[in-house]
Amino acid sequence: MARVQNYINGEFQDALNGATLDNIEPGTGAIYGQLPESDAQDIDLAQTAAQKAFSTWRNTTLEERSAILGRIADLIDEQREPLAKAESRDNGKPLALAMSVDIPRASSNFRFFAQALTQFSSEAHESVGKNTINFTLRHPIGVVGCISPWNLPLYLFTWKIAPALAAGNTVVAKPSELTPVTAHLLAEICQKAGLPAGVLNIVHGNGSSAGQAIVEHPGIKAVSFTGGTKTGAHIASVAAPMFKKLSLELGGKNPNIIFADCDYDKMMATTLKSSFANQGQICLCGSRIFVERDLYASFKTDFVSRVAKLKVGPPSDSVDLGAVISSDHQQKILSYIDQAKAEGGEVLIGGNTVNVPECPNGFYLEPTVIEIKDHHCKVAQEEIFGPVVTLMPFDSEQEVLAMANSVPYGLSASLWTSNIDRSMRFAQQIESGIVWVNTWLNRDLRTPFGGIKASGVGREGGLEALRFFTEPKNICISYQS
Ligand code: NAD
């Protein structure tokens, strides 16, 4: 494995305190590397480098900025295979998924914002009859912090960094301590692409020390965070009194609502993915399945028999599910399954660890379907973030809408129906930032991305991200006619 180091001011270095954390491979359960256990000193060093680089980077022409970000995208494409192998090993996700989704999306993030920055413009408002013109400048904020989780490591890390850099900011970024490797490889790519020293600084370490120091640093003016709702609430409590700009992309407990008039084959194939892709560790997974009663019995039989065919195994093999991220997470998921049984849920399939003979200490779990009687039960209300879905029938639109909206979260929702009127009624009333009708995880990078309620504050994506990473300044000029 590549030796993971911090990347500060264009140089690779260990944590100033010399401390390291072990990096554990989920597929084998073995320690396979170390990463720096950085603290506030390293964040301060990174912030100083970013501050120094800011005046040059913000004045770099749009063409030059765009060219550098485009080169980063090209290099990610060139290194798709080694990056995918590293991601799969570090995270436990199937290699095929990293090859087809994670790494291509990381390069798309850079390519998209390399182009978007050349199209970003500000507004002018002429106050007719008052001899006044207003125009609004959009300036980069300065040094910004980007903090990302482990489930889609390079995909989500670049989804923040690319727009922050495109808008002219310099960045102090921290990937998850559980999946540091592709962030380290990205630093090598940025160096090769000619990104000037100090423009992007990557610091590794725990959330409670390195992450917390980003949020607390007075010289880091905005924080873009993706992770758990509890962490997001804590970050908001630290950053809000400092008046930092905050974007919080948090947890989800998304409904997958299936009507009898849907395209059954397409729904079934997609529902398998929306339930178990990435071992169910995608914030957008549809972990609460509601099926119209007329279809319920046949859906239940078909779905369970399709789930039975899903292959769980070492992420480097041709499998449908690899390993979950950690032993702790595996135990947490199992405890939710126990809780579901205690609350009267029936495990239709799964519910256990999987013994993979060649990797006996890996963190494997069976894809699990639990039939529930009451949508208020814990397993249907709290985010599990694993290969576990609940299943429940419904009789009417009103009933399923109420059940769908009954959770604290509001990230995404999927609806399967051929009735256009119904899909519009749902889209209007469902409490979520994203609604997919007859599809799932279908993303156009220009569209706003984010959640409501406990799923977050603010939006990423397209111009929303460039707006977040810039500060508008209005200039009002009165003139003589
Ligand atoms: P987490 O909140 O534990 O950690 C996320 C990141 O925050 C990590 O880099 C961590 O080190 C850091 N962190 C932890 N404590 C911190 C602190 N006090 N100050 C600053 N940084 C701190 O989340 P996780 O377990 O890595 O990720 C899983 C969660 O992320 C799930 O809830 C999932 O739904 C959510 N998620 C949301 C989205 C979205 O777009 N809404 C996308 C992916 C994942």
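These figures come from a predicted structure and were not determined experimentally. Scope of the values below: all heavy atoms of this structure, side chains included, with no hydrogens, waters or symmetry mates. Atoms within a ligand are numbered from 1 in the order they appear, just like the ligands themselves.
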In terms of atom number and element, which parts of ligand 1 are under 4.0 angstrom from non-hydrogen atoms of [X]?
{"X": "Gly211", "result": "19 (N), 20 (C), 21 (N)"}
{"X": "Phe449", "result": "40 (O)"}
{"X": "Asn151", "result": "43 (C), 44 (C)"}
{"X": "Ile147", "result": "6 (C), 7 (O), 9 (O), 12 (C), 20 (C), 21 (N)"}
{"X": "Leu156", "result": "42 (C), 43 (C)"}
{"X": "Glu177", "result": "10 (C), 11 (O)"}
{"X": "His234", "result": "18 (N)"}
{"X": "Thr231", "result": "1 (P), 2 (O), 3 (O), 13 (N), 14 (C), 15 (N), 16 (C), 22 (C)"}

Return yes or no for this condition: an N or O of [X] is under 3.5 Å from an N or O of ligand 1.
{"X": "Lys174", "value": "yes"}
{"X": "Leu411", "value": "no"}
{"X": "Trp150", "value": "yes"}
{"X": "Thr229", "value": "no"}
{"X": "Gly205", "value": "no"}

Hey, are Glu87 and Lys93 close enough for a salt bridge, meaning a charged N less than 4.0 Å from a carboxylate O?
-> no

Is Lys85 paired with Glu81 through a side-chain N to carboxylate O contact shorter than 4.0 Å?
->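 Here Glu81 pairs with Lys85 in a salt bridge, since their nearest N and O are under 4.0 Å apart.
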
Can a protein heavy atom be found under 4.0 Å away from atom 4 (O) of ligand 1?
-> no

Give a yes/no verdict on whether any heavy atom in Pro175 is under 4.0 Å from an atom of ligand 1.
-> yes

Contact check, Ser176 vs ligand 1, heavy-atom distance below 4.0 Å =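 Yes, Ser176 has heavy atoms under 4.0 Å from ligand 1.
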
With no hydrogens and no angle check, do the side chains of [X] and [Y] hold a donor and an acceptor under 3.5 Å apart?
{"X": "Ser455", "Y": "Glu249", "value": "no"}
{"X": "Asp77", "Y": "Ser107", "value": "yes"}
{"X": "Gln212", "Y": "His234", "value": "yes"}
{"X": "Gln13", "Y": "Asn6", "value": "no"}

[X] side chain to [Y] backbone, donor-acceptor under 3.5 Å:
{"X": "Asn169", "Y": "Val144", "answer": "no"}
{"X": "Asn254", "Y": "Cys285", "answer": "yes"}
{"X": "Asn109", "Y": "Ala162", "answer": "no"}
{"X": "Gln279", "Y": "Gly386", "answer": "no"}

In the protein, what heavy atom is nearest to [atom], and what distance, to one decimal place, separates them?
{"atom": "atom 41 (N) of ligand 1", "value": "Leu250 O, 2.7 Å"}
{"atom": "atom 6 (C) of ligand 1", "value": "Ser148 O, 3.5 Å"}
{"atom": "atom 22 (C) of ligand 1", "value": "Gly207 CA, 3.5 Å"}
{"atom": "atom 34 (O) of ligand 1", "value": "Glu383 OE2, 2.5 Å"}

What about the rings of Phe394 and Phe290, do their centers lie closer together than 6.0 Å?
->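 No.
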
In terms of the angle between their ring planes, are His329 and Phe385 parallel, tilted or perpendicular, with boundaries placed at 30° and 60°?
-> perpendicular

Taking the six-membered ring for Trp, are Trp159 and Phe449 parallel (under 30°), tilted (30 to 60°) or perpendicular (over 60°)?
-> perpendicular

Could you tell me whether Lys273 atom NZ has more than 12 heavy atoms of other residues or ligands within 6.0 Å of it?
-> no

Can you tell which part of Ile235 has a heavy atom less than 4.0 Å from ligand 1: side chain, backbone, both or neither?
->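 It is the side chain that gets close, since no backbone atom is under 4.0 Å.
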
With a 4.0 Å heavy-atom cut-off (strictly under), which part of Ile214 contacts ligand 1: side chain, backbone, both or neither?
->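 No part of Ile214 is near ligand 1 at this cut-off.
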
Best match, Ala183, Gly227, Pro149, Ala454: closest heavy atom to atom 35 (C) of ligand 1 = Gly227

